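Beneath this line is the structure, given in structure tokens, with notes to follow.
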Amino acid sequence: MLFSVSHSLKKAFALAATTSSWGNLSEFVSTTRSISTTAVHSTGSSVGDTSVIENKKATAKNLLFDVPVSNNGGRCRIILYKKKIPESECSVVTPMELGGFKSEEYLAINPQGKVPSLKCQITGRCFAESDTVCRYLLSTYSDLGPSFQPENPLSNEIARFHDMYLTTIQSCLYRAAPPFGPFWTRKDALNEYSKQLYVISDLMSEQGPYLIVSRWRSAAVTNTKKDRGLVSAHDRHGCCI
């Protein structure tokens, strides 16, 4: 079951005010993880199973290059899931099937050597960066499932704040050593991360169940995966949330 992001984030912020709430927050993080780690159109094959990848490359109209641990790639996969886009239209594959992130074949698709990326098998066009790939999926499959209202200015503002002020320092949640964006201590980066989450929280609807009122928008997709490591990171490093 998909998680009610707006309600849960607001509940988490409230619970975090007391130290006795860490058990509840752990439950919240666990519940949120269930959506963020859902294998949507799972690659389903080992790196060595070339027959599966070759079949996908031959039959799918679009190839979404992604890996399960990618936060930004998860945004694209949630859209595939919610819109019920069939694998014949868009199939998820890993860059490892092309020799890895820095292989010549994959760099021809995404010069940055990162995920997510998408290749249209019909036109040969390639797209990089999660926001670009998401907008391609929303426009190409506008007749399927929820629209995610990409034209909604509030949704776009939340998504933009996320990309500019959370994604750029999210490495403080998992990277072993600094720098974390412009910050050279994890504590400073986590405090800034918390600050930006509160900015986004102030833009969220009280009505829910998603970030802005009652329907999935691009902002909900954007922020679904980011909160899963925040609570434990703050707990370990003694920062304010």
Side-chain angles (χ1 to χ4, degrees), residues 1-3 5 8 26 28-57 59-103 105-107 109-110 112-119 126-138 141 145 148 159 162-163 166-176 216 218 220-233:
M1 179 181 296
L2 290 173
F3 200 61
V5 179
S8 300
S26 297
F28 160 65
V29 172
S30 176
T31 306
T32 306
R33 186 181 292 115
S34 68
I35 180 175
S36 62
T37 59
T38 296
V40 180
H41 295 337
S42 173
T43 57
S45 63
S46 65
V47 172
D49 190 356
T50 57
S51 62
V52 175
I53 181 66
E54 289 301 326
N55 182 61
K56 289 180 177 180
K57 289 167 67 176
T59 59
K61 294 180 181 178
N62 297 284
L63 295 177
L64 173 62
F65 290 89
D66 190 27
V67 292
V69 297
S70 171
N71 287 313
N72 291 316
R75 299 161 67 171
C76 307
R77 285 182 273 118
I78 289 174
I79 289 175
L80 293 182
Y81 178 80
K82 288 297 291 180
K83 281 184 166 289
K84 295 182 172 61
I85 299 172
E87 279 199 277
S88 60
E89 291 291 328
C90 187
S91 184
V92 180
V93 295
T94 168
M96 300 308 294
E97 302 290 356
L98 300 182
F101 290 86
K102 302 303 181 181
S103 68
E105 189 174 354
Y106 187 65
L107 289 175
I109 294 172
N110 184 344
Q112 307 301 330
K114 298 180 179 180
V115 291
S117 303
L118 184 141
K119 180 178 181 179
C126 299
F127 304 95
E129 299 297 324
S130 58
D131 185 70
T132 305
V133 174
C134 284
R135 291 179 185 277
Y136 171 84
L137 293 173
L138 294 180
Y141 300 103
F148 291 90
H162 163 275
D163 287 351
L166 290 183
T167 296
T168 53
I169 60 173
Q170 70 180 28
S171 60
C172 68
L173 300 176
Y174 51 80
R175 183 176 292 169
W216 275 85
S218 57
V221 172
T222 299
N223 286 276
T224 296
K225 297 194 60 159
K226 282 297 184 292
D227 50 29
R228 64 183 181 179
L230 175 65
V231 172
S232 60

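Treat the numbers as computed from the prediction; the structure is a model and nothing was measured. Here, residue 1 is the first one in the sequence, and each next residue gets the next number.
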Student check: side-chain heavy atoms of Val67 and Phe101 closer than 4.5 Å:
yes
Take Leu137 and Phe148 through the side-chain contact (heavy atoms from CB on, under 4.5 Å) test and state the conclusion after the steps.
CA-CA 11 Å; Leu137 293 173; Phe148 291 90; over 6 Å; no
Derivation of the side-chain contact (heavy atoms from CB on, under 4.5 Å) call for Ile109 and Leu98:
CA-CA 10 Å; Ile109 294 172; Leu98 300 182; 3.6 Å; yes
Mind checking the CG-CG spacing from Leu63 to Leu118? Nearest 0.5 Å is all I need.
7.5 Å
Once you round to the nearest 0.5 Å, how far does CZ of Arg135 lie from SG of Cys76?
12.0 Å
If you compare all heavy atoms of Ser117 against all heavy atoms of Tyr106, which two are closest, and at what distance to 0.1 Å?
OG-OH, 2.9 Å
To the closest 0.5 Å, what do you measure between CG (Leu138) and CD1 (Ile79)?
4.0 Å
Check Ser103 against Gly100 and note the closest heavy-atom contact, atom names and distance.
OG-O, 2.9 Å
Shortest non-hydrogen pair, Lys102 vs Leu107, comes out as O-CD1, 3.4 Å
If you count the non-hydrogen atoms of other residues, nucleotides and ligands that lie under 6.0 Å from NZ in Lys83, is the total more than 12?
yes
Criterion side-chain contact (heavy atoms from CB on, under 4.5 Å) on Ser130 and Asn71, from CA distance to verdict
CA-CA 9 Å; Ser130 58; Asn71 287 313; over 6 Å; no
Return the OG to CZ distance between Ser70 and Phe65, rounded to the nearest 0.5 Å.
14.0 Å
Restricting to side chain to side chain contact (heavy atoms under 4.5 Å, CB included), what partner residues turn up for Lys114, sequence neighbours left out?
Asn110, Gln112
Using 0.5 Å steps for rounding, measure from the CD atom of Glu89 to the NZ atom of Lys84.
15.5 Å
So which of Val115, Ile85, Leu80 actually passes side chain to side chain contact (heavy atoms under 4.5 Å, CB included) with Leu64?
Leu80
Ser88 side chain near Thr59 side chain, heavy-atom distance below 4.5 Å
no
OG1 of Thr167 to NE2 of His162, rounded to nearest 0.5 Å, is 3.5 Å
List the residues meeting side chain to side chain contact (heavy atoms under 4.5 Å, CB included) with Thr132, not counting sequence neighbours, and say none if there are none.
Phe127, Glu129
Just by distance, with hydrogens left out, do Tyr141 and Asn62 show a side-chain donor and acceptor under 3.5 Å apart?
yes
Using a 4.5 Å cut-off on heavy atoms from C-beta on, say whether the side chain of Asp131 contacts that of Arg75.
yes
